[in-house]
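Only heavy atoms go into these numbers, but all of them, side chains included; no hydrogens, no water, no symmetry mates. First listed ligand is number 1; within each ligand, the first listed atom is number 1.
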Amino acid sequence: MALNLVMLGPPGAGKGTQAERFARVHGIPKVSTGDILREAVHSASELGRDVKEGMDRGELVGDDLIIEIVRERLMRPDAMAGFVLDGFPRTAPQAKALDELTASRGPVVCVEIQVPDEELVRRVRARRVCEDCGANADAFEHAIDSVSDLCQNTERCRTVGPTWVARSDDSEIVVRERLKIYWRNTRPMIEYYKARPTFRAIDGMRSPEQVREALVGAVAAALGQPAESLRDLARQSGGQA
Ligand code: AP5
């Protein structure tokens, strides 16, 4: 059975952190619309030039464009056995499009990570990302300029060491704008999912490890399976859930 997971929640809730690990241990792709757009900005492609200014202000990219990006990504062969969506859908038209795209793909589990706004602002202001590979670190927890083993993902990170930078949309002003947009456009959309048996909400205020455990439990419960069966599935893919 395909494992289709949608991570929902506000900026800084931990969607990307959890999506990355869940996808890796289950051998399915993580599809992050934010990462795809940031990569386009980084490479100064036409798409990147079109979306950069709006993203820097914390605004949403247009529905048609983002739906087309996700449609193309989910059609690739590696997404047929499942996917973890991070940052999509964010509006009612995107949610409707996702229903159409996944109509014949088995159940789609939606998990909302809940975190209070002030903690979200703290996390986002503290976030630094590795310029080379995009790995995250918390500048309030680590003296990151002197800790190089937090990121070992690429040859450059391992040899030269990571260069930590703040995301261009992580200033306090922009994150508050992103939260406003979240509560106005995205949170109402979550009501659309709430009535479904495959929807679950989890507490994102615990440690990343505890949130990971809760996520595995929530996905298993939404699929009507014991959490152990999900761990077995991960082991079969060579990972450890
Ligand atoms: P996107 O990249 O999707 O940003 P976001 O949804 O605002 O989410 P974040 O990446 O800020 O947070 P996250 O929940 O992934 O948390 P993370 O794991 O990083 O989108 C960026 C922009 O792209 C949008 O503003 C928009 O312009 C555009 N866009 C993207 N998708 C779009 C769409 N569908 N439609 C239209 N426009 C779109 O964690 C955050 C920090 O907290 C990290 O430092 C992490 O280490 C830390 N952390 C994680 N978990 C914990 C924990 N349990 N305890 C303590 N710290 C934790």
Atom indices of ligand 1 within 4.0 angstrom of [X] heavy atoms, with elements:
X	value
Gly204	53 (N)
Thr17	17 (P), 18 (O), 39 (O), 45 (C), 49 (C)
Gln94	33 (C), 34 (N), 35 (N), 36 (C)
Glu59	26 (C), 27 (O)
Arg206	52 (C), 53 (N), 54 (N)

Nitrogen or oxygen atoms of [X] and ligand 1 under 3.5 Å apart:
X	value
Arg127	yes
Gly54	no
Gly16	yes
Pro89	no
Gly12	yes

message: Same cluster or not: Val108 versus Phe199, using hydrophobic residues (I, L, V, M, F, W, Y) connected whenever any side-chain heavy atoms lie under 4.5 Å apart?
response: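 Yes, Val108 connects to Phe199 through the hydrophobic network.
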message: Quick check on the hydrophobic clustering: are Leu230 and Val84 connected, directly or via other members, by side-chain heavy-atom contacts under 4.5 Å?
response: yes
Looking at [X] and [Y], does any basic side-chain N land under 4.0 Å from a carboxylate oxygen?
X	Y	result
Arg167	Asp169	yes
Lys96	Asp99	no
Lys180	Asp117	no
Arg122	Glu118	no
Arg125	Asp170	no
Arg49	Glu46	no

Once you restrict to heavy atoms under 4.0 Å, what part of [X] touches ligand 1? Side chain, backbone, both or neither.
X	value
Leu37	side chain
Leu60	both
Ser207	backbone
Asn136	side chain

message: Considering only residues two or more places apart or on different chains, which pairs with a residue in residues 55-65 satisfy salt bridge (Lys or Arg N to Asp or Glu O under 4.0 Å)?
response: Lys52-Asp56, Glu53-Arg57, Arg57-Glu59
Contact between [X] and ligand 1, counting heavy atoms under 4.0 Å?
X	answer
Met7	no
Arg167	yes
Ser32	no
Gly9	no
Arg38	yes

task: Select the closest option to atom 54 (N) of ligand 1 among Arg123, Glu209, Glu177, judged by heavy-atom distance.
output: Arg123
- prompt: Which option out of Met205, Arg128, Arg178, Arg90 puts a heavy atom nearest to atom 6 (O) of ligand 1?
  reply: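 Minimum heavy-atom distance to atom 6 (O) of ligand 1 goes to Arg90.
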message: Nearest 0.5 angstrom please: Asn4 CG to Leu223 CG, how far?
response: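 One finds 9.0 Å between CG of Asn4 and CG of Leu223.
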- request: Mind jotting down which residue pairs meet the side chain to side chain donor-acceptor pair (under 3.5 Å) criterion with at least one end in residues 105-114? Sequence neighbours excluded, please.
  value: Glu112-Gln114, Glu112-Arg187
